[in-house]
Structures are given as structure tokens and as C-alpha cells.
A.B. asks: 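Below you will find the structure I want to go over with you.
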Amino acid sequence: MDYYNFHCPVCEKPFDKDSDIVVCPECGAPHHRECYELEMKCHFADKHNDSFDFKAEVNTADAEKPQEEEVARCPFCNAENIKGSKFCNQCGSPLDIVGYDRHQEETSGEKANTNENGGATPPYTSFAFDPMGGLKAEDEIAQGVTVGECAKFVKNNTPFYSRLFHQIHKTGRSRFSFVGFFFSGGWMLYRKMYKWGAIVTAFLAVLLISQLYITTFYSDLITTLTEIAQSGSVFYQTEAPMTMEQFIKGLDNEDLIAIVVYYISGTGQLILRLLCGLFGNKWYRQHCINKITKIKTEADSKESADAQLQTKGGVNNGIAISLIISYFVLSFIPNFF
């Protein structure tokens, strides 16, 4: 029998490969030789009449040791997950910090705080680690769609969207989406709203390219219009100042079309961006509801649905990077003409 994993019952120090071990002939208990000689008897001698057997006691203790869990337990809500999962199927929290509470005890000597579910309290702010923004996993963002499912699907910036979607569900009131206003179709594609994101991006691209074309090849015309709008009149190929009305009447059809296209392009971009800012959050919420409902309906099991929520949701970083590069390329093209 290998005694190197045990402790001497007298001094309670572990045995190592250099230990001189004496084994009791009656019960089989190991001792350091010096410890055995110090007591001049087996440490468990008073138990020998009770048929004490060290080996049997060891085997019983090993059998009673808790086996390694075949599940990954969430450190926040304490829910059981399939071993190897990256996110909790109940609350959507990351599972790679399951050992946080144990680590706290080992490093600081203090027991980690626990929440109402028996799980660990995150070491940082709840906003950074609570994917549900303080809500419960079973709270709803729509009929039949829970906050926990939403957190797993959204993945990025889940505290904000969990609270917002729940608010829309309860009150019908949304918030202005500044990211939707400034990035519009690009933001929609980034959030995997591919159909409407492509449509909005295409419209914005046409309007932007039209505006850049007019700005590049009719720059004098646009500069003059701007000066008249600012001062009320301007000298333009004449000795006397011209008002806006006089200036417009003196333009040919090509210049008039250029002006109309320029202002329609700018106004169209502003309108599209305002629509995305005003309704972007509601559109994204409905997108999440539709996708989550479809996944749950078509999945063979809850485990399969949870896995699909984590893989089909989230964001598309590749599209975001590509659109940013494209925008800067378009913005710098006029400098080459």
C-alpha cells in the first residue's frame, strides 16, 4: 500500500519518499518510526478491541469523497450546465470563473461572498458581470421570451439591452439609440440584422456617394450656396452681389440638378439616421425575439436551443471592421480629384 498520500496520526505530517514508516501489525496504520517509538504503541491501540482496520477506514473514506461533478455549475445563479459549456444556460453568465469562490478562500483566507442562489458574488461591479442587468433570468422581454435567453443571444452589452428590452415590454417606452443614429445600417449588420441592415446600408451608401460626387465635381457651386446661405448675398461671376433667388435663376439645368441631388442626399441621410436612432432599439428587440422564438421552436432539446442561442446571436466583428474601412476610403476619395 502506498502511504505517501497519508499523514502520520501522531505528528500529522505527511509521509514522503524518504520517510521511515512503521506499520502497525494489528490495524495496518502507518507511523513515522520516531513517532511510533515515542508512543511505544500504535496511535489507534485503544481501537484495536473494536476491530479497527486502517485500510478499511481509508477505503470507506475514499468511497464517501464527493466525486468530481459531471456538470459545470454557474458561480452566480448556481445552475447546472453541461460540462464544457462557456455560458450558463440559465442566466447567460460566463462559466470560466467557476472557481472564483475557492480561489478567494485560498488566496485571502476569507470566504467569498455568496448571492441568494448560493453562487459567488462577482469581485467587480454587478454591471460588468451581471448579463441580465439586475433582472432575474425568468423575467420576460416578450411573451414566452425570457431575460436569460436574451442575455445568451445578445452576448455583447447584455446588461444594457436586458434592462432596455424588459422596459419596452413593460412600458412600451424605448430610448434614443445614439449608436443607431451614428452607425445606422453598419450597427444593424454588426448586430446580425442582416436583411434590414443591408437595405439601410445600401441606401446610405448611395446617398453618401451622390453627395461626395457633387461635393467633388461641383465644389465651387456648393461653396457659393453655402456663402449665400450664411451672408444672404455673394459676388458670383458678377460685379454686383447676388441673392439666393437671383443665383438660382442664373443656373443651368445641370447645376440645378446637382444642387437638388446634394440636398436630397444630405436630407435623406439625416432622415435615415434619425429613424435608426428613434426605432433602432425596438427593431433590435424584435429581431432578438424572432430569432430566439425560432430557435426554441426548431431545437430538438433545451440544451440544443441554448447552444444555438450562443452561436447564432452576438455580433459580427468582421462586418464592423469592413464597414469602417469602407467609410474612410469613401471619405478620402475626393482628396484625389
A.B. asks: Measure across His32 and Cys11 and return the closest heavy-atom pair with its distance rounded to 0.1 Å.
C.D. replies: ND1-SG, 3.3 Å

A.B. asks: Would you find a donor on one side and an acceptor on the other, under 3.5 Å apart, between the side chain of Lys192 and the backbone of Gly314?
C.D. replies: no

A.B. asks: To the nearest 0.5 Å, tell me how far Phe279 CZ sits from Phe176 CZ.
C.D. replies: 10.5 Å

A.B. asks: Does one hydrophobic cluster hold both Val261 and Tyr218, with members joined at side-chain heavy-atom distances below 4.5 Å?
C.D. replies: yes

A.B. asks: For the hydrophobic clusters of this structure (ILVMFWY residues joined by side-chain heavy atoms under 4.5 Å, transitively), does one cluster hold both Leu270 and Val260?
C.D. replies: no

A.B. asks: Mind checking side-chain hydrogen bond (donor to acceptor under 3.5 Å, both in side chains) for Gln308 and listing every partner two or more places apart, or none if nothing turns up?
C.D. replies: Ser304, Lys312

A.B. asks: Do side-chain atoms of Lys296 reach the backbone of Gly144 as a donor and acceptor pair under 3.5 angstrom?
C.D. replies: yes

A.B. asks: In terms of heavy-atom contacts, does CG of Asn253 have more than 12 from other residues, nucleotides or ligands at under 6.0 Å?
C.D. replies: no

A.B. asks: Heavy-atom distance under 4.5 Å between the side chains of Cys27 and Cys42, does that happen here?
C.D. replies: yes

A.B. asks: As an exercise, state the distance from CG of Leu272 to CG of Leu207, rounded to the nearest 0.5 Å.
C.D. replies: 6.5 Å

A.B. asks: Measuring only between side-chain heavy atoms, which start at C-beta, is Asn157 closer than 4.5 Å to Phe160?
C.D. replies: yes

A.B. asks: Decide yes or no for Ile168 and Arg173: does some side-chain heavy atom of the first lie under 4.5 Å from some side-chain heavy atom of the second?
C.D. replies: no

A.B. asks: Applying the 4.5 Å side-chain criterion to the ILVMFWY set and letting contacts propagate, would Ile264 and Phe217 be lumped into a single cluster?
C.D. replies: no

A.B. asks: With sequence neighbours excluded, tell me which residues meet salt bridge (Lys or Arg N to Asp or Glu O under 4.0 Å) with Lys282.
C.D. replies: none

A.B. asks: Please name the pair of heavy atoms, one in Thr146 and one in Glu138, separated by the smallest distance, quoted to 0.1 Å.
C.D. replies: CG2-O, 4.1 Å

A.B. asks: What's the shortest heavy-atom distance between Ala142 and Ile289, and which atoms?
C.D. replies: CB-CD1, 3.3 Å

A.B. asks: Tell me, please, which residues at least two apart from Ile248 pass side chain to side chain contact (heavy atoms under 4.5 Å, CB included).
C.D. replies: Leu225, Met244, Leu251, Leu256, Ile259

A.B. asks: With a 4.5 Å limit on heavy-atom distance, are the side chains of Val154 and Cys288 in contact?
C.D. replies: yes

A.B. asks: One pair to check against side-chain contact (heavy atoms from CB on, under 4.5 Å): Ser162 and Ile141. What are the steps and the verdict?
C.D. replies: CA-CA 8 Å; Ser162 294; Ile141 64 165; over 6 Å; no

A.B. asks: Do the side chain of Ser19 and the main chain of Ile21 share a donor and acceptor less than 3.5 angstrom apart?
C.D. replies: no

A.B. asks: Of all residues at least two apart in sequence or in a different chain, which pass the side-chain hydrogen bond (donor to acceptor under 3.5 Å, both in side chains) check with Arg191?
C.D. replies: Tyr284

A.B. asks: Under the side-chain contact (heavy atoms from CB on, under 4.5 Å) rule, what do Phe165 and Lys170 come out as? Steps first, then yes or no, please.
C.D. replies: CA-CA 9 Å; Phe165 292 171; Lys170 291 296 183 181; over 6 Å; no

A.B. asks: Take His166 and Glu140 through the test side-chain contact (heavy atoms from CB on, under 4.5 Å) and record every step on the way to the result.
C.D. replies: CA-CA 6 Å; His166 182 68; Glu140 292 187 338; 5.7 Å; no

A.B. asks: When you measure from the side chain of Lys155 to the backbone of Val315, do you find a donor-acceptor pair of N or O atoms at a distance under 3.5 Å?
C.D. replies: no

A.B. asks: Indicate if Val206 and Val200 have the same hydrophobic cluster label, given that clusters are the connected sets of ILVMFWY residues with side-chain heavy-atom separations under 4.5 angstrom.
C.D. replies: no

A.B. asks: Looking at residues at least two apart in the chain, or sitting in another chain, which of them share a side chain to side chain contact (heavy atoms under 4.5 Å, CB included) with Pro9?
C.D. replies: His31, His43, Phe44

A.B. asks: How far apart are the closest heavy atoms of Trp187 and Gly180, and which atoms are they?
C.D. replies: CE3-CA, 3.9 Å

A.B. asks: Of all residues at least two apart in sequence or in a different chain, which pass the salt bridge (Lys or Arg N to Asp or Glu O under 4.0 Å) check with Lys249?
C.D. replies: Glu245

A.B. asks: Atom CG of Leu278 and atom CZ of Arg175: how far apart are they, to the nearest 0.5 Å?
C.D. replies: 15.0 Å

A.B. asks: Can you check whether Lys136 reaches Asp139 side chain to side chain, under 4.5 Å on heavy atoms?
C.D. replies: yes

A.B. asks: Under 4.5 Å side-chain heavy-atom separation, chaining through any Ile, Leu, Val, Met, Phe, Trp or Tyr, what else clusters with Leu38? Say none if it is isolated.
C.D. replies: none

A.B. asks: State which residues pass salt bridge (Lys or Arg N to Asp or Glu O under 4.0 Å) with Arg33; sequence neighbours excluded, sorted by chain then number.
C.D. replies: Asp20

A.B. asks: Just verifying a value: how many Å separate Gln167 CD and Ser174 OG, rounded to the nearest 0.5 Å?
C.D. replies: 7.5 Å

A.B. asks: So, taking the atom named OG1 in Thr215 and the one named CD1 in Ile222, what distance separates them when rounded to the nearest 0.5 Å?
C.D. replies: 6.0 Å

A.B. asks: Which is it for Leu275 and Phe181 under the side-chain contact (heavy atoms from CB on, under 4.5 Å) test, yes or no, and what are the steps along the way?
C.D. replies: CA-CA 8 Å; Leu275 288 174; Phe181 174 79; over 6 Å; no

A.B. asks: Once side-chain hydrogen bond (donor to acceptor under 3.5 Å, both in side chains) is applied, do any residues pair with Tyr36, and if so which ones, sequence neighbours excluded?
C.D. replies: none

A.B. asks: With Gln286, which residues qualify under side-chain hydrogen bond (donor to acceptor under 3.5 Å, both in side chains), at least two apart?
C.D. replies: Asn290

A.B. asks: Return the OG to CZ distance between Ser177 and Phe183, rounded to the nearest 0.5 Å.
C.D. replies: 10.5 Å

A.B. asks: Please find the pair of heavy atoms, one from Met188 and one from Cys276, that lie closest to each other, and give the distance.
C.D. replies: SD-SG, 4.3 Å

A.B. asks: With sequence neighbours excluded, give me every side-chain hydrogen bond (donor to acceptor under 3.5 Å, both in side chains) pair touching residues 262-280.
C.D. replies: Gln211-Gln269

A.B. asks: State which residues pass side chain to side chain contact (heavy atoms under 4.5 Å, CB included) with Ile319; sequence neighbours excluded, sorted by chain then number.
C.D. replies: Leu189, Tyr194, Asn316, Leu323

A.B. asks: If every non-hydrogen atom of Lys41 is compared with every non-hydrogen atom of Ala45, which pair is closest and at what distance?
C.D. replies: CD-CB, 4.2 Å

